[in-house]
Amino acid sequence: MDGFQTILKFLMNRKTAIGYSFMALLTVGGERLFSLVAFRCPCSNENFRYGLVFLFAPAFVLLVIGYFLNSKTWKLFTGCWGNPRKIFPKGNICHFFYVFGRITLNVLVAPVMWLSVALLNGTFYECAMSGLKNPAYLHAVCHNKSVKCFEELHKVACGKSIMSFPESEELKLTLQAQSQILGWCVIVITTLLSLLTTCCASCQSKVSHLQLKFWRTYMKKEKEQLEQIFQLYATKLSERNLKSFFENMEPEAVPLPAFQAWEDASQLYSFNSSEQHYSTIHRLVEQGQKEISEERETVMDFVDRREIP
């Protein structure tokens, strides 16, 4: 039993890494499924557009899904039509771009994975670039090849070219090599950017490393208990209403936060170095339910850090 609890604790502590690994497996599986089932290179003048659609359209869909599934997206945009200052606070116009940029960095993981896997496989890129009619590109690819290369390049991807087999195979390998080089470039650039953004966030942190770990733990626990409280009070309220309706009796009082309290608690957290508050709800409880100042310094990077060793 102790061994099972140890394994469970280890998995819970590594759930971010496990989640990314699972996402990577889904991306690889999805790419292979698209390549084998749905993708059919037309081997015509449509090669370029067809290949690019399969290369970038799934990445765009994953990006949109990422925005939908990120709770901070809805915290940022909910109610912004009626109150634009929620996303463009007075005196801090860059607030929206900073917060939205942080959200985008999180949701870019799946699209970048798709692009990397698709480029390393080379199928979509091979089809797309075999249909590119740019003269400079054709001269570069067909250098030291027969004249037929300029006319038959779009048929190389599906093996219908009338060129000799060694020449056709060399062209396919060239296109696949270009795709894999681009794939590794995407991986290296993404890794370097992730390292730089993490280092910049750590360098600009206004709290110590240990306090940052405590903050992250607190946010995790608050989120878990908030879900439980939602379930508890929603159940109590629904039971009271149904009982009052069917028994035709006066409803009992169920204390709930006021409208303004819900509004204030839904704000993205703003850090103030002079106050040791770890969330918007923490600050509301300590200071009382009063209007949150619109001039704020957003530090979502403190609580959004994925791994803190």
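As the structure is a prediction and not an experimental result, all values here were calculated from the model.
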Euclidean distance, [Y] [atom2] relative to [X] [atom1], rounded to 0.5 Å:
X    : Y    : atom1 : atom2 : answer
K172 : L153 : NZ    : CG    : 12.0 Å
L226 : K221 : CG    : NZ    : 14.5 Å
Q176 : S179 : CD    : OG    : 8.0 Å
K213 : R216 : NZ    : CZ    : 9.0 Å
L132 : C127 : CG    : SG    : 12.0 Å
L284 : H277 : CG    : NE2   : 9.5 Å

Between the main-chain N or O of [Y] and the side-chain N or O of [X], is there a donor-acceptor pair closer than 3.5 Å?
X    : Y    : result
R240 : E252 : yes
T190 : V186 : yes
N121 : A118 : no
H139 : P135 : yes
S244 : M249 : yes

Counterpart residues, side-chain contact (heavy atoms from CB on, under 4.5 Å), relative to S279 (two or more places apart): Y218, M219, E222, I281, H282

Residues passing the side-chain contact (heavy atoms from CB on, under 4.5 Å) test with E239, sequence neighbours excluded, are T235

same_hphob_cluster([X], [Y]) at 4.5 Å side-chain heavy-atom cutoff:
X    : Y    : answer
V53  : L63  : no
L69  : V112 : no
F54  : L120 : no
F245 : L242 : yes
Y137 : L171 : yes

Any idea how W262 and F230 line up, ring-wise: parallel (<30°), tilted (30 to 60°), or perpendicular (>60°)? tilted

Taking atom CZ of F60 as the centre, report whether more than 12 heavy atoms of other residues, nucleotides or ligands fall under 6.0 Å from it. no

Counting only heavy atoms not in F77 (residues, nucleotides, ligands), do more than 12 fall under 6.0 Å from its CZ? yes

In terms of side-chain geometry, is the basic nitrogen of E46 or R49 positioned less than 4.0 Å from the acidic oxygen of its partner? yes

[X] and [Y]: which non-hydrogen atoms are nearest, and at how many Å?
X    : Y    : result
S130 : L175 : CB-CD1, 4.0 Å
P42  : N47  : CG-OD1, 3.4 Å
L108 : P111 : O-CD, 3.3 Å

Just to verify, what does W74 make a ring pair (Phe, Tyr, Trp, His ring centres under 6.0 Å) with, not counting sequence neighbours? F68

Y67 meets the ring pair (Phe, Tyr, Trp, His ring centres under 6.0 Å) criterion, sequence neighbours left out, with F100

Sequence neighbours left out, what passes disulfide bond (SG atoms under 2.5 Å apart) with C158? Give chain and number order. C43

Are any of the side-chain heavy atoms of [X] and [Y] separated by less than 4.5 Å?
X    : Y    : answer
R102 : V99  : no
N45  : K133 : yes
V141 : Q178 : yes
Q180 : Y125 : no

With a 6.0 Å cut-off on the ring centroids, do F56 and F124 count as close? no

Distance only, no hydrogens: is a donor on one side chain within 3.5 Å (strictly under) of an acceptor on the other, for Y278 and Q211? yes

So, using salt bridge (Lys or Arg N to Asp or Glu O under 4.0 Å) as the criterion, who are the partners of K75 when residues are at least two apart? none

Residue of the set I181, I187, L55 for which side-chain contact (heavy atoms from CB on, under 4.5 Å) holds with L119: L55

